[in-house]
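In what follows, a structure is listed as structure tokens, so that the remarks can point back to it.
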Amino acid sequence: MKILIDTREQKPYSFETEAVTGTLATGDYSVCGLENHVSIERKELNDLIGCLSKGRDRFERELQRAKGLDYFALVVEADLSDIAKGAYRSKMLPRAVLQSLMTFSIRYKMPIWFCGNRQYGQRITESLLVKYCREIEKKCEAIDD
């Protein structure tokens, strides 16, 4: 398994698993050969808020593309309490942020992982991709049996 990091990712994670860079149609991280099946989108808190306000249309287009994947998740490098406290640079109300995230989670069947910080976001991203690959392997083994 090799993790694929989108070339547009401005602050790419460093993984224990081997990783290469390439272009992803959707998201920031995937697995080589499974780009059309799994992807993870990483967001710092202020970037997330921007995607829910001024960049909402572009973000929703990305989420619409992600609906075609088997698994797509949003990894947020902040705690949910940071949103509730309004600990970001925007006038968007915390309630509006939370309502938008809940709506997107349901509309696009997208789990949202609040990871607290960059380090934990990196661990969660790698773990999700590894676990996705393990599940694929199990399905293939079941077919072979």
Side-chain angles (χ1 to χ4, degrees), residues 1-140:
M1 173 188 144
K2 285 184 189 176
I3 293 177
L4 182 60
I5 303 170
D6 188 69
T7 54
R8 294 164 294 210
E9 177 68 338
Q10 295 178 4
K11 297 179 184 177
Y13 288 149
S14 298
F15 299 106
E16 290 182 21
T17 305
E18 185 179 356
V20 296
T21 57
T23 303
L24 290 171
T26 303
D28 298 314
Y29 300 94
S30 187
V31 176
C32 290
L34 298 174
E35 300 93 328
N36 295 324
H37 299 276
V38 61
S39 189
I40 308 295
E41 177 73 18
R42 177 195 70 84
K43 293 289 182 201
E44 294 174 340
L45 183 56
N46 285 307
D47 185 24
L48 174 63
I49 303 305
C51 287
L52 298 175
S53 55
K54 294 177 185 174
R56 189 179 189 97
D57 290 339
R58 183 196 57 77
F59 188 53
E60 275 211 78
R61 284 192 300 273
E62 181 167 16
L63 298 179
Q64 186 63 42
R65 284 192 309 273
K67 276 182 89 170
L69 301 174
D70 297 334
Y71 185 79
F72 179 80
L74 176 62
V75 168
V76 181
E77 296 175 352
D79 287 319
L80 187 57
S81 63
D82 294 328
I83 292 173
K85 293 184 289 191
Y88 48 82
R89 297 182 313 259
S90 172
K91 293 181 181 176
M92 189 173 188
L93 296 174
R95 182 178 186 284
V97 172
L98 294 171
Q99 294 298 314
S100 291
L101 289 174
M102 286 185 271
T103 297
F104 287 173
S105 175
I106 293 167
R107 182 180 297 160
Y108 300 107
K109 298 180 174 103
M110 174 186 65
I112 302 171
W113 295 85
F114 290 95
C115 298
N117 58 47
R118 179 176 171 79
Q119 180 182 359
Y120 199 52
Q122 178 176 300
R123 289 176 57 196
I124 292 295
T125 297
E126 185 169 11
S127 291
L128 287 169
L129 294 172
V130 167
K131 286 173 182 20
Y132 180 84
C133 286
R134 285 187 187 150
E135 291 299 313
I136 295 297
E137 287 174 357
K138 286 179 186 177
K139 287 179 183 178
C140 289

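Here the structure is a predicted model, which is why all the values come from computation and not from measurement.
Just one of K43, K11, R42 meets the salt bridge (Lys or Arg N to Asp or Glu O under 4.0 Å) condition when paired with E77; it is R42.
Between G27 and D6, the shortest heavy-atom contact is O-CB, 3.9 Å. Listed here is the closest heavy atom pair of D79 and G116: OD1-CA, 3.2 Å. Contact between I112 and S105 at its shortest, heavy atoms only, is CD1-CB, 4.1 Å.
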*Run the numbers on L4 and K2 for side chain to side chain contact (heavy atoms under 4.5 Å, CB included), then give the verdict.*
CA-CA 6 Å; L4 182 60; K2 285 184 189 176; over 6 Å; no
*asked:* Determine whether L101 and F114 satisfy the following criterion, side chain to side chain contact (heavy atoms under 4.5 Å, CB included), listing intermediate values before the conclusion.
replied: CA-CA 11 Å; L101 289 174; F114 290 95; 3.9 Å; yes
*Yes or no on side chain to side chain contact (heavy atoms under 4.5 Å, CB included) for L98 and M102, after CA distance, side-chain angles and deciding distance?*
CA-CA 6 Å; L98 294 171; M102 286 185 271; 4.3 Å; yes
_Apply side chain to side chain contact (heavy atoms under 4.5 Å, CB included) to residues D28 and I5 and explain how you reach the verdict._
CA-CA 6 Å; D28 298 314; I5 303 170; over 6 Å; no
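In this structure, K138 pairs ionically with E135, as a charged nitrogen and a carboxylate oxygen lie closer than 4.0 Å.
Side-chain atoms of R56 and S100, non-hydrogen and from C-beta on, do get closer than 4.5 Å to each other.
Applying the ring pair (Phe, Tyr, Trp, His ring centres under 6.0 Å) test to residues at least two apart or on different chains, the pairs with a partner in residues 16-50 are Y13-Y29, F15-Y29.
Between the side chains of T17 and E126, at least one donor-acceptor pair of N or O atoms lies under 3.5 Å.
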